[in-house]
Amino acid sequence: MTKALVLATFLASAALYPQSGAEPDWSKVEAETMQHYQAVLRLDTSNPPGNEHLVVDYLKQLFDKEGIPSEIFASDQNRSNFVARLKGNGRKRPLLIVGHSDVVTTDAAKWKYPAFSATREGGYVYGRGTVDDKDNLTASLMTMLLLKRLNVPLDRDVIFLSESGEEGSTGVGIGFMVSQHYPAIEAEYCLAEGGGVTRINGEVKYATVQTLEKIPRGIELVARGIAGHGSVPLKSNSIVHMAGAVARIGEWRPEIRFNETTGTYFRRLAAISPPDVAKIYRDVLSTDPKVRAAADDWLFENEPRHSSMLRTSVSPNIFTGGYRSNVIPSEAKVTLDVRALPDEDPAKFLEQVKRVVNDPAVEVRFSNQNARPAPPEARLDSEPFKVLEEVGKSIYNAPTLPAMSTGATDMAQLRSKGMQCFGIGPATDMEDGPKGFGAHSDQERLLESELHRFVRFNWEVVTKLAQSK
Ligand SMILES: [Zn+2]
């Protein structure tokens, strides 16, 4: 942007927003939102290697021009994190709004519109990061700009964090910020990725807010036997023992257990679903074991993500053993991807796995010693959740479902510091994922109209939580 244009924009903003607390001029906001969204989408922050400093450079220049104080934190200069803060009167503790600046890598040959072109076509914006996570990044940055320009009086600081390394290298991003610079981002509440609004046939059905996530805890099985000549089968063959153990694990479905988030999720989902599916969601909550088991079977076959939300899940994902056809191997190994319910006792769970394996020739052990902590869920009776529900109703006319992610997000690190974090996101079409337009797909896109609606949502939520009353 040229200096003259900046000045013109500034004067226009001053004229548009004469008093503090005024409502943004949304048509002007939309034009600017698109400009920043496309600008950050066009910066190639594929991780690896990341190069998130490209986004940080852009943000630094923008926030400096707006007069919003900011700081850059980096353990690796190319992979910096950006923190900006708008001061409140200190009556309440800060609110942190987060977006990650890195994106997953792309296979250029598979993209109709180049992955870093931010092409606008047919009402969509196409590009890597459009829904993961430059949407949250853009909405948060727009909220910061508007709060500043409208001179909104705040009861709490609003902190904006653009973090690097979310896609598998959290050591330079959230891990670094939490362990080395926590005071810069410390807050009572945070908003980050992990939720969204579901549209079916173009119609908004419900919003989800992520309030909890499962804890990854890998387990390894090691079968040991006697090595020998392949022409003489042995009873101790490690592959045979391992195959039996894995088959028993595969048949096993650990105990169903609900927490506040998942119980509320299934109840609310039942309330807005067609009768046949609604019955399944209600049945799975039943205290009658037979009723529950039938619903559980249906979910496992038809909605596996929902099945995983019911329990600590176990998926055997790596099987190794043997190296030539005429040698009986003395060892076979299997890695289980275990996603634990947050209240799971790891030691007791390991004992359960041993009982299911039920073979002294097979050792059962955790694969990584330093597993993530298991923070408590964000509360549903908290001020942010109520505000998210309220704004979900006013902006989307949709009910809000609290959700537990089966995968992990950077909110785990923040929650473990005592912050209550809520995952949000724009509306996307449920049909878009299977068509290959979702996060991490070989095409990624977001409806322009939904980007703009999400900016309004973000603004409403943040002002409701932070504006002086
Ligand atoms: Zn993401």
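Both ligands and their constituent atoms are indexed starting at 1 by order of listing. Computed from a predicted structure; not experimentally measured. All values below come from the heavy atoms of this structure, side chains included, with hydrogens, waters and symmetry mates left out.
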Participant: Compute the centroid of each ring, for F437 and then for Y124, and state whether the two points are separated by less than 6.0 Å.
Facilitator: no
Participant: Could you tell me whether K417 sits above the aromatic face of Y182, with NZ or CZ closer than 6.0 angstrom to the six-membered ring centre and within 45 degrees of the axis?
Facilitator: yes
Participant: Heavy atoms, side chains only, cut-off 4.5 Å: are M144 and V158 in contact?
Facilitator: yes
Participant: Would you check if the Zn ion (ligand 1) lies under 2.8 Å from any N, O or S atom of D132?
Facilitator: yes
Participant: So that I can check it, does any N, O or S atom in D133 come closer than 2.8 Å to the Zn ion (ligand 1)?
Facilitator: no
Participant: With the Zn ion (ligand 1) as the reference point, give the N/O/S atom of E193 that is nearest.
Facilitator: OE1
Participant: When the aromatic ring centroids of F176 and F73 are compared, is their separation below 6.0 Å?
Facilitator: no
